[in-house]
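Since we're looking at a predicted model, the values are computed, not measured.
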Amino acid sequence: MHKKKNRIKQIVFASLIAALYAGLTYGFSFISYGAVQFRISEILTVLPIFTPTGIIGVTVGCFLGNIGNIGANPFDIIFGTLATLIAAVITYLCRNIKIKGIPIISLLSPIVINSLIIGLELTVVFVNQKGGFPIFALWVALGEAVVCLGLGIPFYIILNKHKQIFTDC
């Protein structure tokens with residue numbers, strides 16, 4: 001019975017993360033989409049540091065956020081979600097590698113993975129844009145860095161002080 005209760009808690013927690021991610025993406029839609037984006041929902045990419053349930057939550061949330069975009073790009077639905085999944089898995093796997101108590105590789109993974117995958121996606125979608133891949137990757141990395149580091153580090157510090165909330169999640 002205890003395992004079943006934990007499994008239900010994990011499903012509820014993943015659903016909550018997904019809903020929060022999608023809601024933040026929609027709520028800040030004016031800065032959540034495009035070549036230059038500051039997707040506030042990416043702050044939730046910190047959660048896989050604390051629980052593998054965060055991997056599922058942010059991935060499903062990203063998928064929901066991408067399909068809810070008016071004029072949704074099929075490439076973004078597929079590759080944006082894939083980028084989030086890959087980054088979330090790396091975040092989880094690298095959670096114990098810390099510099100001065102901060103799991104910096106975990107916090108950098110969404111920046112690096114999204115800049116590469118989404119940068120490439122944007123290069124394919126906007127074929128004749130000047131600068132191509134390096135420019136798109138740089139813009140994606142900039143937006144990700146503002147959220148994942150600028151907001152993510154303080155968010156991590158706050159959550160780390162209360163990490164017991166992630167027990168059995």
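- I86 and V89 are assigned to two separate hydrophobic clusters, defined by single-linkage of ILVMFWY side chains at heavy-atom distances under 4.5 Å.
- Both I102 and L47 are assigned to one and the same hydrophobic cluster, defined by single-linkage of ILVMFWY side chains at heavy-atom distances under 4.5 Å.
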Using the rule given for side-chain contact (heavy atoms from CB on, under 4.5 Å), can you reason through S106 versus I49, listing the C-alpha separation, both sets of side-chain angles and the distance that settles it, and then say yes or no?
CA-CA 7 Å; S106 289; I49 293 170; 3.8 Å; yes

Checking ring pair (Phe, Tyr, Trp, His ring centres under 6.0 Å) for the pair Y156/F50: CA distance, chi angles, key distance, verdict?
CA-CA 9 Å; Y156 167 79; F50 299 99; 5.5 Å; yes

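- Between E121 and F136, the closest side-chain pair of non-hydrogen atoms is not below 4.5 Å.
- For F75, the CZ atom counts as loosely surrounded, since its 6.0 Å shell holds 12 or fewer non-hydrogen atoms of other residues, nucleotides or ligands.
- When all heavy atoms of F38 and L142 are compared, the closest pair comes out as CE2-O, 4.3 Å.
- Note: the hydrophobic cluster containing I135 also contains V146 (ILVMFWY, side chain heavy atoms under 4.5 Å, direct or indirect links).
- You'll find the side chain of Y33 stays beyond 4.5 Å of the side chain of N73, heavy atoms only.
- Less than 6.0 angstrom separates the ring centroid of F13 from the ring centroid of F166.
- With hydrogens and angles disregarded, no donor-acceptor distance shorter than 3.5 Å links the side chain of S115 to the backbone of A141.
- Here the shortest heavy-atom pairing between P48 and T91 reads CB-CG2, 3.9 Å.
- With hydrophobic clusters built from ILVMFWY side chains whose heavy atoms lie under 4.5 angstrom apart, L85 does not share a cluster with I43.
- No continuous path of hydrophobic side-chain contacts links L16 to I165 [ILVMFWY only; heavy atoms under 4.5 Å].
- Rounded to the nearest 0.5 angstrom, I105 CD1 and N96 CG are separated by 11.0 Å.
- Between the CD1 atom of I118 and the CD atom of E144 there is a distance of 8.5 Å, given to the nearest 0.5 Å.
- Looking only at side-chain heavy atoms (C-beta outward), H162 and Q164 come within less than 4.5 Å of each other.
- Of the possible donor and acceptor atoms, none in the side chain of T59 sits under 3.5 Å from a partner among the backbone N and O of I56.
- Atoms CD1 and CG, on I113 and L108 in that order, are 11.0 Å from each other to the nearest 0.5 Å.
- Listed for the T51 side chain is a donor-acceptor partner under 3.5 Å among the backbone atoms of C169.
- S109 contributes a side-chain N or O that, together with a main-chain N or O of A87, makes up a donor-acceptor pair within less than 3.5 Å.
- For T45 against C148, the heavy-atom pair with the smallest separation is OG1-SG, 3.7 Å.
- With rounding to the nearest 0.5 angstrom, the CD1 atom of I104 is 6.0 Å from the CD1 atom of I99.
- Looking only at distances, a side-chain donor or acceptor of N114 sits under 3.5 Å from a matching main-chain atom of P110.
- Contact between L64 and A22 at its shortest, heavy atoms only, is CB-CB, 3.9 Å.
- Aromatic ring pairs are classed by plane angle as parallel below 30°, tilted from 30° to 60° and perpendicular above 60°; the pair F30 and F28 is tilted.
- Between I11 and T53, every side-chain heavy-atom pair lies at or beyond the 4.5 Å cut-off.
- Considering all non-hydrogen atoms of both residues, K9 and T167 come closest at NZ-O, 3.0 Å.
- One finds the CD1 atom of I117 at 12.0 Å from the CG atom of L122 (value rounded to the nearest 0.5 Å).
- How far CG of N160 is from CD1 of I153: 12.5 Å, rounded to the nearest 0.5 Å.
- Within a 6.0 Å radius of NZ in K163, other residues, nucleotides and ligands contribute 12 heavy atoms or fewer.
- No side-chain heavy atom of S32 sits under 4.5 Å from any side-chain heavy atom of Q37.
- Remark: the backbone N or O of I78 is not paired with any side-chain donor or acceptor of T81 at under 3.5 angstrom.
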Walk me through it: do T25 and S41 pass the test side-chain hydrogen bond (donor to acceptor under 3.5 Å, both in side chains)?
CA-CA 6 Å; T25 302; S41 51; 2.7 Å; yes

